[in-house]
Amino acid sequence: MPKTVTIPPPQEGDVMHNIEEKIFPDYKAEEGDQAYVFMHTVPFEGSVGLVNMLTATRLQRKGFKLTFVLYGPAVLMANAARGYPAVGQEGFPGNLGYNRQLQTLINEGATVYCCRFAMGALYGMREDDVMEGVTPFNPLDVLDANIQAWRDKALVLSTWTL
């Protein structure tokens, strides 16, 4: 059966959604508000890692005191030795997007941790291999950071992917 309905295709610059409507109030942090973002995700295996980094950046810009915790495969996001053909060079556009976004978080005041167990036992990373401004921590601290967040009555975002 031949096609019977034809509509013009969208053109670059066409706005196809209502970008003005916002359902919820644009909340800002109140004095002392904190947020913890826990990430256990594989870089480049989906968008969740980058989306969480962008969400964390937005939380920080809303005034939350941000703690960003990388464990499991997420520690690879903090590797300072990434790049191709040389360290710091992008092998493809966006190749160092995780490093750049993590650097933005650090530059804007976030506290960033990454798990020593995942670094060493899983990926052979040394503490000297993490980006400046990222603090390696004991794997037992993952649970205690969650407890600290609970005690601080902080907003918690936690993502697990395999």
Is a side-chain donor or acceptor of [X] paired with a backbone partner of [Y] at a separation under 3.5 angstrom?
X	Y	value
Asp141	Phe137	no
Asp14	Met16	no
Tyr36	Trp150	no

For residues [X] and [Y], report the shortest heavy-atom separation together with the two atoms involved.
X	Y	result
Ala56	Val37	CB-CG2, 4.0 Å
Val130	Val134	CG2-O, 3.8 Å
Gly72	Ala118	O-CB, 3.4 Å
Thr41	Gly49	CG2-CA, 3.9 Å
Ala35	Leu59	CB-CD1, 3.9 Å
Phe44	Gly94	CE2-O, 4.1 Å

Sequence neighbours excluded, every pair satisfying salt bridge (Lys or Arg N to Asp or Glu O under 4.0 Å) that has a member inside residues 142-162: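 Salt bridge (Lys or Arg N to Asp or Glu O under 4.0 Å) check on residues 142-162 returns no pairs.
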Quick one: pull up [atom1] in [X] and [atom2] in [Y] and give me the separation to the nearest 0.5 Å.
X	Y	atom1	atom2	value
Met39	Met77	CE	CE	3.5 Å
Leu122	Cys115	CG	SG	8.0 Å
Lys65	Thr111	NZ	OG1	6.0 Å
Thr135	Glu127	OG1	CD	9.5 Å
Cys114	Met131	SG	CE	10.0 Å

Is there side-chain contact between [X] and [Y], with at least one heavy-atom pair below 4.5 Å?
X	Y	result
His40	Thr161	no
Ile23	Glu21	yes
Pro136	Tyr113	no
Tyr98	Leu50	yes
Asn52	Leu157	no
Met53	Phe68	yes

Whether over 12 other heavy atoms sit under 6.0 Å from Tyr123 OH: yes
Modelled atom types, side-chain donor and acceptor of Gln101 and Thr57, under 3.5 Å: yes
Pairs involving residues 69-83, ordered by first then second residue, that meet side-chain hydrogen bond (donor to acceptor under 3.5 Å, both in side chains) (sequence neighbours left out): Tyr71-Trp160, Arg82-Asn99
Arg100 with Glu90: basic N within carboxylate O range, under 4.0 Å: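 Counted as a salt bridge, because a side-chain N and a carboxylate O are separated by less than 4.0 Å.
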Salt bridge present between Asp33 and Lys62 (N-O < 4.0 angstrom): no
ILVMFWY network linking Leu76 to Tyr84, side-chain heavy atoms under 4.5 angstrom: no
ILVMFWY cluster, Val75 and Phe117 together (side-chain gap under 4.5 Å):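 Yes, same cluster.
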By salt bridge (charged side-chain N to carboxylate O under 4.0 Å, His left out) - contacts of Asp129 (at least two apart):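 With neighbours one apart ignored, the set is Arg126.
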Partner of Leu66 by side-chain contact (heavy atoms from CB on, under 4.5 Å), out of Leu105, Val112, Leu155: Leu105
CA sep, side-chain torsions, deciding dist, call: Leu70, Leu102, side chain to side chain contact (heavy atoms under 4.5 Å, CB included): CA-CA 11 Å; Leu70 302 168; Leu102 200 53; 4.1 Å; yes
